[in-house]
Number of protein chains: 2
Amino acid sequence: MTTADVHTARMDDICSGAGDDGRVVRDLLEHLGDKWTLLVVGMLEDGPIRYSELKNRVPGISQRMLTLTLKKLERDGLVRRESFPEIPPRVEYDLTPLGHTLLPPALAFATWARGSSGEILARRAEFDARVTR
Amino acid sequence: MTTADVHTARMDDICSGAGDDGRVVRDLLEHLGDKWTLLVVGMLEDGPIRYSELKNRVPGISQRMLTLTLKKLERDGLVRRESFPEIPPRVEYDLTPLGHTLLPPALAFATWARGSSGEILARRAEFDARVTR
DNA sequence: CAGAATCCAACTTGATACTG
DNA sequence: CAGTATCAAGTTGGATTCTG
């Protein structure tokens with residue numbers, strides 16, 4: 001499947017039915033769609049990075065959420081964790097090959113959000129003005 | 001920006017800094033990343049569709065969540081709502097031009113999820129087996 | 001038919017304090 | 001440095017009931 005096929009695929013086909021197949025896809029959509037996951041994946045693009053450096057690159061994330069997000073991604077096989085037995089401790093994270101395949105969709109989504117944010121905020125303001133009156 | 005550029009864009013650039021610009025993009029990522037939003041957007045691809053028909057096409061969604069999701073999308077200017085003054089009432093929804101621009105990223109994401117779900121579930125099982133022992 | 005309103009259980013997140 | 005533990009607060013989603 002190439003990126004060109006994206007335009008011909010349909011949501012019905014991808015998430016069809018109430019069966020296991022569609023359910024897994026729907027679960028994944030929700031699973032990765034939380035506050036930090038896509039952001040963290042994007043920041044891992046450039047290869048191994050330390051925990052503290054990663055925390056600096058994701059503005060606003062708490063220690064707790066970074067740890068939880070990384071553990072979830074590691075469990076799903078998208079992120080690799082390497083811990084070095086030194087003092088002070090050093091732990092590095094990077095994307096697995098599977099994790100790298102998530103990058104294009106994630107960036108497409110982020111790019112869309114950036115390009116559309118202006119119009120969305122404008123529409124939202126219009127809507128609120130219409131409803132409040 | 002074309003789809004080809006997606007591979008050259010970087011998450012840093014898109015969501016940079018703690019300033020307003022990056023914050024809006026991060027908020028949007030979270031905003032659209034809930035349980036139903038992308039699914040509903042995908043199901044609206046084929047044009048006007050009634051509330052009840054839409055509910056049938058999104059398996060498992062509750063009345064409440066369908067209503068809330070549609071209202072959110074309408075507020076953001078992604079979905080258009082048309083209500084016909086008939087009895088019984090008829091309300092139709094479809095994507096605005098802005099809403100249509102979300103389709104390619106959403107489908108890219110869903111396509112990725114479908115293609116990767118098998119490996120992810122396998123990795124997850126491995127991880128759990130390793131950790132539980 | 002297409003919802004609005006209400007209630008509640010479950011989950012998510014952040015802040016804080018502590019540790020190998 | 002790289003976490004873990006605990007608690008409090010906020011948010012989300014489902015079930016149910018009611019209505020124009």
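Heavy atoms only: backbone and side chains are in, while hydrogens, waters and symmetry mates are out. Below, chain A is the first sequence line, B the second, and so on; all start at residue 1. Note that the structure is predicted; figures quoted are calculated from it, not measured.
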Is the phosphate of [N] approached by [X] (side-chain N or O, under 4.0 Å from OP1 or OP2)?
X       : N      : result
A/Ser52 : D/dA2  : yes
A/Tyr51 : D/dT4  : no
A/Lys71 : D/dT4  : yes
A/Lys35 : D/dT11 : no
A/Arg50 : D/dG3  : no
A/Arg64 : D/dC7  : no

Taking [atom1] from [X] and [atom2] from [N], how many angstroms apart are they, rounded to a whole number?
X       : N      : atom1 : atom2 : result
B/Phe84 : C/dA2  : CZ    : P     : 11 Å
B/Leu66 : D/dA15 : CG    : P     : 14 Å
B/Leu68 : C/dT6  : CG    : C1'   : 13 Å
B/Leu54 : C/dG3  : CG    : P     : 10 Å
A/Leu29 : D/dG13 : CG    : P     : 13 Å
B/Glu92 : C/dC1  : CD    : P     : 15 Å
A/Asp34 : C/dG14 : CG    : C1'   : 14 Å
A/Glu74 : D/dA2  : CD    : C1'   : 14 Å

Query raised in the report: So does B/Glu30 pair up with B/Arg26, basic N to acidic O under 4.0 Å?
Result: no
Among [options], which nucleotide sits nearest the side chain of [X]?
X       : options              : value
B/Val91 : D/dC1, D/dG20, C/dG3 : C/dG3
A/Gln63 : C/dA2, C/dC7, D/dA2  : D/dA2
B/Ser62 : D/dG14, C/dA4, D/dG3 : D/dG14

Query raised in the report: Just by modelled atom types, is the A/Gln63 backbone N or O under 3.5 Å from a matching donor or acceptor in the A/Tyr51 side chain?
Result: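 Checking the backbone N and O of A/Gln63 against the side chain of A/Tyr51, a donor-acceptor pair under 3.5 Å is found.
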Report task. Taking B/Arg114 for its side chain and A/Ile14 for its backbone only, find out whether a donor-acceptor pair lies under 3.5 Å. Result ->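 Yes, the answer is positive, given that a donor and an acceptor are paired below the 3.5 Å cut-off.
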Report task. Identify, between A/Trp36 and B/Thr67, the residue whose nearest nucleotide on DNA chain C lies closer to the 5' end. Result ->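 Taking each residue's closest nucleotide, the earlier one in sequence belongs to B/Thr67.
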Requested in this report: Between B/Leu70 and A/Ile61, just flag the one whose closest nucleotide in DNA chain C comes earlier from the 5' side.
Outcome: B/Leu70
**Report entry** Closest non-hydrogen atom pair between A/Pro89 and A/Arg50, with its separation
**Finding:** O-NH2, 3.4 Å
Requested in this report: Would you indicate what A/Tyr93 reaches in the nucleic acid, counting non-hydrogen atoms under 4.0 angstrom: base, sugar-phosphate, or nothing?
Outcome: sugar-phosphate
Report task. Any chance you could measure B/Tyr93, atom OH, to B/Thr69, atom OG1, to the nearest 0.5 Å? Result -> 10.5 Å
